[in-house]
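Note that this is a predicted model, so its numbers are computed, not measured. Below, chains carry the letters A, B, ... as their sequence lines are ordered, and counting in each starts from 1.
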Amino acid sequence: MIAQVIIDIPAQQTNRTFDYAVPPELETLVAPGMRVLVPFGRGKKHQRQGFIWRLANQSSFKGQLKPLAEILDLAPVLNGEMLALAGWLAQDTFSFLISCLQTMLPNALRASYQRRFHLLTPLPADSPLTALLDDPTNGHLPDELSPLLLRTLRNAEQAGQLTIAYQVAQRTKVKHVTVFTVKISPAAAQAAQSELRANAHQQIALLNLIQAQPGFSGASAAWQAQLPELTGATLTTAVKKGWLQRSEQEQYRRPNQLPQPKAALPLTNEQQTAYQAVAAAMADRRDQVFLLEGITGSGKTEVYLAAMADALRQGKTALMLVPEIALTPQMVQRVQERFQKDVAVLHSGLSAGERFDEWRRIERGEARVVVGARSAAFAPLQNIGVMIIDEEHESSYKQDDMPRYHARDVILHRAVTHQCPVILGSATPSLESRARAQKKVYQLLRLTKRPQTAHLPTVQVLDMRDADKVAGKPSFSTVLITALQQRLDRHEQSILLLNRRGYANFVMCRDCGNVIKCPNCDISLTLHRDIQALKCHYCGHQEPIPQACPVCQSRHIRDFGAGTQRIELELQEILPTARILRMDVDTTARKGGHQRLIDKFGRQEADILLGTQMIAKGLDFPNVTLVGVINADTSLSLPDFRASEKTFQLLTQVSGRAGRADKQGQVLIQTYNPDNYAIQLASHQDYEAFYQREMHLRHAGGYPPYYYTILVSVNHRQEDLAAQKIYQLFRQVQPVLSPTAVLLGPTPRMIARINNQYYYQFIIKYKHEEKLFTTLQRLVLEMQQESGFQLRIDREPLQIS
DNA sequence: AGCACGCCGACT
DNA sequence: GTCGGCGTGCTC
């Protein structure tokens, strides 16, 4: 028997299996999806980790096969569905199998680790493990497992006698807690007590406790629970006097504190209609995709919860993706309230060990509901009844390095396998998804009413070209400052959004708001200080930086943008009494920093929350009655055909943050483009009108969703070789395309040189191309032979740069 | 990544 | 003449 193994070879582009002989004693143990150690390369000592991809009877390899060294798993870590999914993903994203397999697994299974077992029941006296292990109770396993031991362990695991656990050697630090244990007898305590001064109250109380409970032991908090007046210093004294013993004890990972259970809310008519459509698809085992479109506060979450509850009732499981989960603790809490310990949460804030624990709970079927960020799309759930992607338009669902997958595509693919419905939910769906609903590929479900009595906020667009501005502070209109002052007087809170997207990257006229655009692409040009020029990311057009505005001849034309820090200082000068909380990458870099700031603002320890896009998402503060947008324009001028869509989404989202409770909310949007349709329609929260308008422009410009896009890029240390290669690739792709396809480029990439690597690229825009995919896959394979080059193929790149 | 193979300069 | 420089290529 031979095993085809996928091996992880760093820094090398290799996408094939290597055949290994399976030693006879392992033949009954191996299965596809297991991790193995194999000897690889001439280095006899070092073994590499790999995955068994397939088992076969013979090899086509001509040379002498090496044997598998060791198998690392008693049962496959990836089941048949996951292996097939990895194969599809590698093809679909033009990436390597090994990177797909690895992104599916929690880090703990990639890093170095140690195996231990935990006994679930006392071992029977005749257990063969007694003979095979030095001590069958301590959980310790030898570094190398003999096939006999492996087999015995697996039998014991299947008999429910023990479980095998992997402990991550690195990264997960074992937490310790200081424990104080009584060391002296009650009699000795009494003797010690008589020697103390009468006013040593704490020590006397402590000795009383020791006499009353001689076996007492615990952390200082436990002692203090018994003796509220006790301080840490007294415990230290007690240790010094020999009454207590101080020791470090391992602290187990904090079990998730579950919120109080909450019953389902009654559904509104709209919600009921939406839910029933999904439930019907689930009952019929149809892999139907639903686009649930509903403004903030319209109750999409209740529909999700109802659908997930339905899946559980049928003995199935449910998977829900949310963007960057740290940003939406409210969502996690609502799912946990409903489904309690059935929920596993997967997000980036977990340590490798915690993440692995959650993954194991899912794999074993202990957790039947999964909530997680992008990578949770690979959660090893079985028998999935429904999958949900909340805020489906979010760009964080696309991974930016290999494999460049989009979680939405993974979910849609799994839906076919599991024959289950998918709900894509958003207040501002991506144009791609909304267009598919138009074409009846997805079924559109709309929630148009806010169930609670909450009023929509009043939205006002402020024209910054002729607005009164605070002297010396051109970022603030007096209208906005007056509104902020009002909130300070009324002890209400405000949120200020500083739109940093596209910061300082484009050139705009301060007088008329004109942004320099590419003559060919209708996309704003990007400023490159290094070469003193404006460049188009899309077609490569280049022009010098103008001295005066080409529209109004004003000389106040320059790069645009402002940092949060500077804005904070300016605002503090204007409103000296305001307590301002700044939220940006600097203040949230530390783990949990984001949540700390949110909690602080929620406790009303600040009046104004000033931040970038991250404040727009999923936060709900009842006391916030004003939302101000300092500069709505910046994201509008991104060198990207999605600029309007991004701006619309951001403004709609942030506007929804005002006045969600009983108080009337106000939104003020400062802009140099007050007539722009994205800003106007966002101020009316009119997604459908925006969709119609934007689709029109996309159609005229030949952009997605009317075309699919693929970016092909090549890099090499030598510029001429990279350029040569991109033309060579270009010539190979061109002839297989139909006349409806459009090729842009080749051009050097915007930042043509990174790390002494030169990048060249071209873009393919297409509708239906039979041969394109196989051609590109062939190119990926062929490029493996050519060293020095790196080929990158990105489907539907988020930004074209 | 390792490690070997391979084809050009300063040394016993 | 050889020791060794690290560029290039392979690893079942």
Specify the separation, in whole Å, of atom [atom1] of [X] and atom [atom2] of [N].
{"X": "A/Lys62", "N": "C/dT11", "atom1": "NZ", "atom2": "P", "result": "13 Å"}
{"X": "A/Phe18", "N": "C/dC10", "atom1": "CZ", "atom2": "P", "result": "11 Å"}
{"X": "A/Tyr20", "N": "C/dT11", "atom1": "OH", "atom2": "P", "result": "11 Å"}
{"X": "A/Leu68", "N": "C/dC12", "atom1": "CG", "atom2": "C1'", "result": "11 Å"}
{"X": "A/Phe40", "N": "C/dT11", "atom1": "CZ", "atom2": "P", "result": "8 Å"}
{"X": "A/Arg16", "N": "C/dT11", "atom1": "CZ", "atom2": "P", "result": "7 Å"}
{"X": "A/Leu37", "N": "C/dT11", "atom1": "CG", "atom2": "P", "result": "21 Å"}
{"X": "A/Gln49", "N": "C/dT11", "atom1": "CD", "atom2": "C1'", "result": "18 Å"}

Steps toward side-chain contact (heavy atoms from CB on, under 4.5 Å) verdict (A/Leu711, A/Gln761): CA-CA 7 Å; A/Leu711 178 98; A/Gln761 64 179 35; 3.7 Å; yes
N-O pairing of A/Arg361 and A/Glu358 below 4.0 Å: yes
Ring-on-base stacking C/dC12 with A/Phe61 (under 5.5 Å, under 30°): yes
Identified salt bridge (Lys or Arg N to Asp or Glu O under 4.0 Å) partner of A/Arg408 from the options A/Glu392, A/Glu432, A/Glu391, A/Glu394: A/Glu392
Sugar-phosphate only, base, or nothing, as touched by A/Gln64 at under 4.0 Å among non-hydrogen atoms: sugar-phosphate
Passing candidate, side-chain contact (heavy atoms from CB on, under 4.5 Å) with A/Ile2, options A/Leu65, A/Val22, A/Leu55: A/Leu65
Presence of A/Arg48 side-chain N/O under 4.0 Å of C/dC12 phosphate oxygens OP1/OP2: no
